[in-house]
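To start, the structure under review is shown below, and the notes come after it.
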2 protein chains.
Amino acid sequence: MTINKLKSAGLKITNQRVIVLNYLFNTQERHLSAEDIFRDLRLNGEDVGQATVYRVLNQLEEAGMLERHYFDGSKAYYELSSNSHHDHLVCLHCGKIIEFFDPFIEQRQQEIAEQYDMKLSHHNLYMFGYCLNPDCHRDI
Amino acid sequence: MTINKLKSAGLKITNQRVIVLNYLFNTQERHLSAEDIFRDLRLNGEDVGQATVYRVLNQLEEAGMLERHYFDGSKAYYELSSNSHHDHLVCLHCGKIIEFFDPFIEQRQQEIAEQYDMKLSHHNLYMFGYCLNPDCHRDI
DNA sequence: GTCGGTGCAAATCCTTTGCACCCTC
DNA sequence: GAGGGTGCAAAGGATTTGCACCGAC
């Protein structure tokens with residue numbers, strides 16, 4: 001439950017934190033920008049400031065509850081951490097995001113890191129293309 | 001040669017474009033931010049404006065001569081396109097960037113894209129960790 | 001000579017921060 | 001009651017843009 005998650009992260013239980021976290025747990029969209037979240041919360045009549053949304057997202061990310069992604073570099077997108085790591089396929093036309101996990105790729109990455117004497121911390125694999133939607137599935 | 005590259009990209013030959021492109025061809029660093037490039041050019045006494053550096057980098061990227069990377073999301077880094085695709089290993093401590101290519105990972109990506117009916121355009125794989133430098137090679 | 005290229009400063013976008021006030025513990 | 005949390009507006013960093021001038025073709 002939201003409150004326990006906050007507690008175990010060592011964060012004070014404040015209305016705003018509960019509101020943001022509940023929203024993330026209940027929304028359909030898994031990948032949202034700070035702006036998306038702030039806008040939606042306001043539309044829902046929630047009483048949260050923009051700065052607070054940014055602050056809470058940073059705290060949840062530091063606490064490991066959220067992951068931050070820069071698909072295109074312009075702005076950050078957040079998703080609830082799942083217990084299983086995954087990578088992303090992004091449709092360049094409609095923006096749809098598919099999550100996938102491939103054990104072979106994961107293992108190769110580990111081997112490559114070892115080969116270069118690097119101790120791996122994390123990685124981001126973003127694949128961009130056009131999805132099966134007829135509007136999207138075309139030659140670039 | 002720089003001028004021919006510009007011509008074949010359909011870009012007018014201007015001093016500023018030649019300066020930026022020459023700089024990129026001659027520098028040791030393969031991954032540079034717009035700020036890095038602007039600063040170095042000015043230090044070299046070159047007569048280029050900041051806006052022009054940004055514009056030229058965008059044009060060279062659109063022309064396929066440069067690749068833009070957002071390793072951490074804060075700002076863009078540019079590298080001259082090589083004829084061979086590669087991915088990146090980044091040291092979180094010293095910032096060193098290792099380029100690598102792994103045919104196995106490339107192929108798996110293709111297979112995964114097909115599995116999700118996506119027509120792949122490009123991808124970015126960024127691996128982050130700590131390099132073999134004693135200062136860097138530690139547990140996080 | 002034309003039309004795109006440039007420099008400067010202002011504008012924009014996303015995000016962070018300073019500060020006075022508020023609320024959790 | 002203390003110390004962190006919040007909202008607002010202002011500041012910040014990276015990048016783009018408007019506009020008058022300049023230069024390549």
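Sequence lines set the chain letters: A, B, ... in the order given, protein chains first and strands last, and positions in each chain run from 1. Note that these values count all heavy atoms, side chains included, but never hydrogens, waters or copies made by symmetry.
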Criterion side chain to side chain contact (heavy atoms under 4.5 Å, CB included) against Gln16(A), the qualifying member of Asp47(A), Val48(A), Leu21(A), Val53(A):
Val48(A)

For Val20(A), which of Thr14(A), Leu41(A), Thr52(A) qualifies under side chain to side chain contact (heavy atoms under 4.5 Å, CB included)?
Leu41(A)

Using a cut-off of 4.0 Å on non-hydrogen atoms, how would the nucleic acid contact of Arg39(B) be classed: base, sugar-phosphate, or nothing?
nothing

Over how many whole Å does the gap from Gln50(A) atom CD to dT17(C) atom P extend?
15 Å

Where the side chain of Arg55(A) is defined as all heavy atoms beyond and including C-beta, which of dT15(C), dT16(D), dT17(C) is the nearest nucleotide?
dT17(C)

Sub-3.5 Å pairs of nitrogen or oxygen atoms, protein against nucleotides 20-25 of chain D:
| unit_1 | atom_1 | unit_2 | atom_2 | d |
| --- | --- | --- | --- | --- |
| dC25(D) | OP1 | Ile13(B) | N | 3.4 |

Separation of Asp36(B) atom CG from dA14(D) atom P, in whole Å?
10 Å

Quick note, Lys75(A) side chain, CB onward, closest among dA14(D), dT6(C), dC14(C) is dC14(C)

Can you label the angle between the Phe100(B) ring and the Tyr116(A) ring as parallel, tilted or perpendicular, going by 30° and 60°?
tilted

Are any of the side-chain nitrogens in Arg68(B) or Glu79(B) under 4.0 Å away from the carboxylate oxygens of its partner?
no

Roughly how many Å is it from CD in Gln59(B) to C1' in dT15(D), rounded to a whole number?
14 Å

Can you tell which of dC14(C), dT6(D), dT15(D) lies closest to the side chain of Tyr54(A)?
dC14(C)

Would you kindly compare Ala51(A) and Glu35(A) by the position of their nearest DNA chain C nucleotide and give the one closer to the 5′ end?
Glu35(A)

Charged N to carboxylate O below 4.0 Å: is that the case for Glu114(B) and Lys119(B)?
no

In whole angstroms, the gap separating P of dA14(D) from CG of Leu32(B) amounts to 15 Å

Just how far, in rounded Å, is P of dG5(C) from CG of Leu60(B)?
12 Å

Select one nucleotide: of dG7(C), dG5(D), dG7(D), the one nearest the side-chain heavy atoms of Gln16(A).
dG7(D)

Which part of the nucleic acid, if any, lies within contact of Arg68(B), taking any heavy atom under 4.0 Å across all strands shown: a base, the sugar-phosphate backbone alone, or nothing?
nothing

Please state how far atom CZ in Phe38(A) lies from atom C1' in dA9(D), giving the value in whole angstrom units.
13 Å

Kindly work out whether a path of hydrophobic side-chain contacts (I/L/V/M/F/W/Y, heavy atoms less than 4.5 Å apart) joins Ile97(A) to Ile37(A).
no

Proximity to the side chain of Ala34(A) - top-ranked nucleotide from dT15(C), dA9(C), dG5(C):
dT15(C)

When the distance from CG of Asp72(B) to P of dT15(C) is rounded to whole Å, what number comes out?
13 Å

His88(B) and side chain to side chain contact (heavy atoms under 4.5 Å, CB included): which partner among Phe71(B), Phe128(B), Tyr77(B)?
Phe71(B)

Could you tell me the separation between the CG atom of Leu57(A) and the C1' atom of dT6(D), rounded to a whole number of Å?
15 Å

